[in-house]
There are 2 protein chains.
Amino acid sequence: MDLFQRDIEDVNNESRQLAQKRKIVSLLNKSEKPLTIPGICKKVKLSVPTGTKLINELIERNVIIESGKKETDNGRRPSLYKVDPDYAYSIGVVVLLKGISLSVFNLEMAESITFEDEHFELDNSPECLERVVAFVLDAIEKSGLKGKRILGLGMGITGRVNSGTGYSYNYFNFLEESLTDFFAKRFSFPVYIDNDTHVLGVAEQFFGHARNIRNAFVVNMSRGLGLAIIANGEIVVGEQGFAGEFGHMQFAESNKLCLCGKRGCLGTEVSGYALEQNFQEQVDVGETSLLMVNRSRDKIKYGHILKAAVDGDALAISLVHNMGFKIGKALGNMINFLNPGAIIIGGEFARAEEVLIDSIKSGMTHTALLLPLRSCELMFSSIGTEAASKGAAAIVLRNLKLI
Amino acid sequence: MDLFQRDIEDVNNESRQLAQKRKIVSLLNKSEKPLTIPGICKKVKLSVPTGTKLINELIERNVIIESGKKETDNGRRPSLYKVDPDYAYSIGVVVLLKGISLSVFNLEMAESITFEDEHFELDNSPECLERVVAFVLDAIEKSGLKGKRILGLGMGITGRVNSGTGYSYNYFNFLEESLTDFFAKRFSFPVYIDNDTHVLGVAEQFFGHARNIRNAFVVNMSRGLGLAIIANGEIVVGEQGFAGEFGHMQFAESNKLCLCGKRGCLGTEVSGYALEQNFQEQVDVGETSLLMVNRSRDKIKYGHILKAAVDGDALAISLVHNMGFKIGKALGNMINFLNPGAIIIGGEFARAEEVLIDSIKSGMTHTALLLPLRSCELMFSSIGTEAASKGAAAIVLRNLKLI
DNA sequence: GTTGGTTAGTAAAAAAAATTATAAACTTGC
DNA sequence: GCAAGTTTATAATTTTTTTTACTAACCAAC
């Protein structure tokens with residue numbers, strides 16, 4: 001941000017012009033297509049001569065570039081301008097229980113390079129934190145980003161996180177300072193953190209199905225169960241960043257004990273973990289499945305079961321179907337609460353769309369009121385596995401108001 | 001708004017200066033205390049000479065007034081300025097099933113006059129709509145507002161309402177146009193509508209306990225059960241304005257049939273209506289209460305029961321306590337969902353604070369996770385019965401960005 | 001191809017705003 | 001009670017921005 005600012009900034013403290021330049025850059029970056037000078041000036045409420053002056057200065061500094069001429073029906077063809085997509089980069093990091101990954105994105109959010117360490121295991125220790133720092137520094141070293149402008153690093157991390165203060169409550173909570181402050185000291189650019197599920201929500205909001213929808217839920221159905229809430233066009237993180245604890249909401253019908261200590265948590269019935277448990281229970285009472293053919297009962301992970309369901313395995317279908325119905329009921333209740341325009345199913349379970357879609361819809365009808373349900377579209381994420389790191393990097397741009 | 005604009009506006013189309021003047025007025029109105037010229041200029045990023053010029057023009061037009069001199073430790077004492085509180089007025093109207101009321105507020109939101117018609121009965125007919133129009137016109141006539149600037153009218157109305165489009169779905173839905181468009185034609189100022197519960201939330205957000213809290217729930221516990229959600233500092237109305245359908249969420253333990261057609265709606269167990277039902281049931285199985293001394297079983301309304309609970313009536317206490325526990329459980333679940341910093345109990349039930357507070361808290365502990373619960377404060381509304389009309393009028397100012 | 005219509009971009013003139021300088025109002029310390 | 005220091009407010013000057021006017025680039029129709 002510092003570099004970025006200094007480039008837009010002039011030598012003198014021209015705060016008014018600086019703000020206008022920032023507006024121009026922000027507008028150009030948000031726009032899908034390149035824009036003309038008259039178009040830009042209209043949007044930022046500037047006269048054409050001053051707008052031209054500022055734009056030329058930004059070109060001088062390599063922030064924006066010309067990008068051909070616009071085809072018009074009549075009149076002189078205007079030049080088109082856009083932000084140089086490679087003027088600056090943002091970094092997205094995802095820290096999960098098992099595995100850490102880092103991707104570098106340019107301003108157009110095109111992924112340029114990705115690093116992964118599948119052997120990484122997250123634990124709440126200074127050593128692990130140092131491993132994260134080393135991983136990031138090493139990746140930056142290898143990526144050839146040296147000397148290039150890095151706007152910042154966004155990090156999605158498992159557990160409870162306060163994105164406002166930058167504190168992480170479950171991991172690396174031994175620090176005196178906030179996690180973002182710690183990282184800022186170690187790196188030469190600002191760091192923003194959020195919960196892995198919220199990060200997925202950001203990705204869906206800017207690049208996925210939630211674009212142009214001001215109220216939506218993004219469900220992270222993987223081994224655990226999380227939910228990102230978009231209300232009034234913004235991700236809701238709540239007072240301390242804990243919003244979206246969907247897995248621990250009391251919607252379950254059974255009374256299974258949850259890791260949180262309570263009974264009745266939805267996550268005990270709907271989650272990758274629960275899917276594995278349910279599968280084993282069914283096998284134990286004599287149910288059969290193609291999955292058992294060349295695997296032992298304990299080695300079957302929820303990913304296998306999801307794949308089997310899509311492939312037509314009866315037991316897997318029945319289990320997944322059952323979960324869809326249950327989460328559908330819970331989501332239906334939440335539809336009454338927040339009246340979202342869309343619910344997007346993301347995470348590993350998204351690949352079982354065919355099996356889940358009808359069961360979730362069916363569950364929703366049991367709890368949701370007619371009118372809010374009618375206008376809530378159920379969708380499945382299509383932005384794939386790199387979604388999380390893209391969302392993490394997007395946090396940086398969001399903070400700089402570039403998206 | 002038109003009058004208001006024209007007064008700030010100059011004869012020529014000075015859109016830049018106009019925007020700055022609007023900023024100044026907005027800043028002064030939002031500020032609790034009057035401000036100095038240097039203070040204003042700093043906030044709106046204007047030089048002192050230009051700021052002075054604009055402020056003098058606003059004084060010329062009677063929009064803002066001088067308000068004494070500031071006490072400082074050293075230097076020349078600056079003059080203080082504030083918006084003339086009686087420069088303009090906003091009108092708040094509340095349309096309930098039984099009763100309609102209208103209050104006039106000045107820019108400081110001091111209530112100047114109130115009109116009520118307790119005999120009004122809401123039904124979905126053109127005649128009833130005409131009665132509303134007549135009531136408003138009559139009240140304005142009597143209020144002496146003629147010739148004064150009216151910024152607009154905010155209306156809180158029972159039932160489902162889309163505040164964005166201005167359509168009302170349950171009442172006056174026979175109109176071709178939106179309800180706000182209809183009113184705009186009949187009155188000489190803009191009209192904004194919202195659900196009665198959302199309006200209560202706005203009141204609490206700007207004048208009550210939810211001030212300075214970016215995430216909160218405002219529960220409207222009266223004959224029905226509604227909830228206004230404040231997330232990221234804004235009221236969430238959802239995609240069509242249906243957010244907060246708390247009464248129809250499936251949290252109930254019994255299977256009573258709700259008016260909406262579903263079973264398990266929270267409103268069947270927690271609401272003024274349910275309280276009356278429960279009371280009658282208990283009386284029928286032999287329970288006694290002081291309330292029965294000089295009233296017939298059918299004549300006892302939930303308001304009486306709430307008063308009796310506060311006065312120490314055992315049966316009433318037990319019933320209200322029970323409801324507190326149930327709504328507490330439901331709210332606890334929602335705490336996990338949105339991580340609010342406060343929950344404010346408003347509506348008629350707010351007066352039973354002593355009886356409700358512990359039962360609600362107790363219910364919350366059964367469902368809410370420790371961390372989000374710990375930081376969520378339970379409060380009872382203190383802005384009283386005129387809250388709704390104040391909230392309705394506040395919608396007008398919010399739309400003009402004056403609060 | 002020339003003329004008329006249309007829009008982009010630039011140059012000169014006019015208007016508006018920001019600096020800078022100065023006067024006025026006030027406190028404090030000697 | 002008067003000088004030094006501070007802050008507000010206004011006047012004079014400088015800078016910036018907008019308007020207006022004009023030229024350039026393009027299409028279409030004749």
Side-chain angles (χ1 to χ4, degrees), chain A residues 8-25 27-28 31 33-61 63-82, chain B residues 8-25 27-28 31 33-61 63-82:
Chain A
I8 292 195
E9 215 156 358
D10 268 330
V11 202
N12 302 334
N13 190 22
E14 297 173 314
S15 80
R16 181 158 282 93
Q17 285 199 359
L18 176 68
Q20 284 165 340
K21 279 185 191 171
R22 207 179 293 282
K23 253 190 184 174
I24 292 170
V25 174
L27 176 72
L28 283 173
S31 161
K33 297 170 203 157
L35 301 174
T36 66
I37 289 184
I40 294 166
C41 293
K42 209 167 207 174
K43 285 267 187 184
V44 301
K45 288 182 182 176
L46 233 79
S47 70
V48 175
T50 16
T52 308
K53 197 191 96 192
L54 297 178
I55 288 164
N56 283 330
E57 281 173 26
L58 286 167
I59 291 171
E60 193 83 13
R61 288 168 193 281
V63 183
I64 66 180
I65 52 173
E66 229 190 283
S67 148
K69 290 205 177 275
K70 190 177 181 184
E71 291 294 318
T72 48
D73 289 344
N74 50 8
R76 175 172 165 180
R77 266 87 185 268
S79 295
L80 287 165
Y81 299 90
K82 63 173 184 182
Chain B
I8 294 195
E9 212 157 2
D10 269 331
V11 202
N12 302 336
N13 190 23
E14 296 173 315
S15 79
R16 180 160 284 95
Q17 285 200 0
L18 177 67
Q20 284 164 340
K21 279 185 193 173
R22 207 179 293 282
K23 254 190 182 171
I24 292 171
V25 173
L27 176 72
L28 283 173
S31 161
K33 298 170 202 156
L35 302 174
T36 67
I37 289 184
I40 294 166
C41 293
K42 209 168 206 172
K43 284 268 185 183
V44 301
K45 287 181 181 176
L46 233 80
S47 72
V48 175
T50 14
T52 308
K53 197 191 97 193
L54 297 179
I55 288 163
N56 284 331
E57 283 175 23
L58 286 168
I59 291 171
E60 191 83 14
R61 288 169 193 279
V63 183
I64 67 181
I65 51 173
E66 230 190 282
S67 149
K69 289 205 176 276
K70 191 179 180 182
E71 291 295 318
T72 48
D73 290 342
N74 51 6
R76 173 171 166 181
R77 267 86 185 268
S79 296
L80 288 166
Y81 299 89
K82 64 173 183 180

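Numbered from 1 within each chain, the chains take letters A, B, ... in sequence-line order.
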Please give, in whole Å, the distance from [N] [atom2] to [X] [atom1]?
X        : N       : atom1 : atom2 : answer
Ile37(B) : dA18(C) : CD1   : C1'   : 16 Å
Glu66(B) : dT8(D)  : CD    : P     : 15 Å
Leu54(A) : dT10(C) : CG    : P     : 14 Å
Ile55(A) : dA8(C)  : CD1   : C1'   : 12 Å
Leu46(B) : dT8(D)  : CG    : C1'   : 17 Å
Leu35(A) : dG9(C)  : CG    : P     : 12 Å
Lys53(B) : dA9(D)  : NZ    : C1'   : 16 Å
Lys42(B) : dT8(D)  : NZ    : P     : 9 Å

Quick one: closest heavy-atom pair of Thr52(B) and Val48(B), and the distance?
->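 Looks like OG1-O, 2.6 Å.
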
Residue pair Cys41(B) / Gly51(B): nearest heavy atoms and the distance that separates them |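 Heavy atoms only, the tightest pair is SG-CA, 3.6 Å.
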
Heavy atoms under 4.0 Å is the rule here; annotate nucleotides 25-30 of chain C 5' to 3' with B where the base is hit, S where only the sugar-phosphate is, and - elsewhere.
-> BBS---

What pairs of donor and acceptor atoms, side-chain ones from residues 71-81 of chain B against any protein atom, are under 3.5 angstrom apart with sequence neighbours left out?
| residue | atom | partner | partner atom | Å |
| --- | --- | --- | --- | --- |
| Glu71(B) | OE1 | Arg77(B) | NH2 | 3.4 |
| Ser79(B) | OG | Glu66(B) | OE2 | 3.4 |
| Ser79(B) | OG | Lys69(B) | NZ | 3.2 |

Straight-line distance of Leu46(B) CG to Ile55(B) CD1, nearest 0.5 Å =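 The CD1 atom of Ile55(B) is 8.5 Å from CG of Leu46(B), to the nearest 0.5 Å.
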
Sugar-phosphate only, base, or nothing, as touched by Thr36(B) at under 4.0 Å among non-hydrogen atoms |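 If one applies the 4.0 Å heavy-atom cut-off, Thr36(B) turns out to touch nothing in the nucleic acid.
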
Do Val44(A) and Gln20(A) come within less than 4.5 Å of each other through their side chains, counting heavy atoms only?
-> no

Beyond-backbone contact of Glu60(B) with Asn56(B), side-chain heavy atoms, under 4.5 angstrom =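 The answer is no, as the side chains (C-beta and beyond) never meet within the 4.5 Å cut-off.
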
Does Ser79(A) put a side-chain nitrogen or oxygen below 4.0 Å from OP1 or OP2 of dA8(C)?
->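 No, Ser79(A) has no side-chain N/O under 4.0 Å of OP1/OP2 on dA8(C).
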
Does Ser47(A) put a side-chain nitrogen or oxygen below 4.0 Å from OP1 or OP2 of dT18(D)?
->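 For Ser47(A), the contact criterion (side-chain N or O under 4.0 Å from OP1 or OP2 of dT18(D)) is met.
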
Under the salt bridge (charged side-chain N to carboxylate O under 4.0 Å, His left out) test, which residues partner Lys82(A), sequence neighbours left out?
-> Glu108(A)

5′-ward residue of the pair Pro49(A)/Pro78(A) relative to DNA chain C =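 Of the two residues, Pro78(A) wins.
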
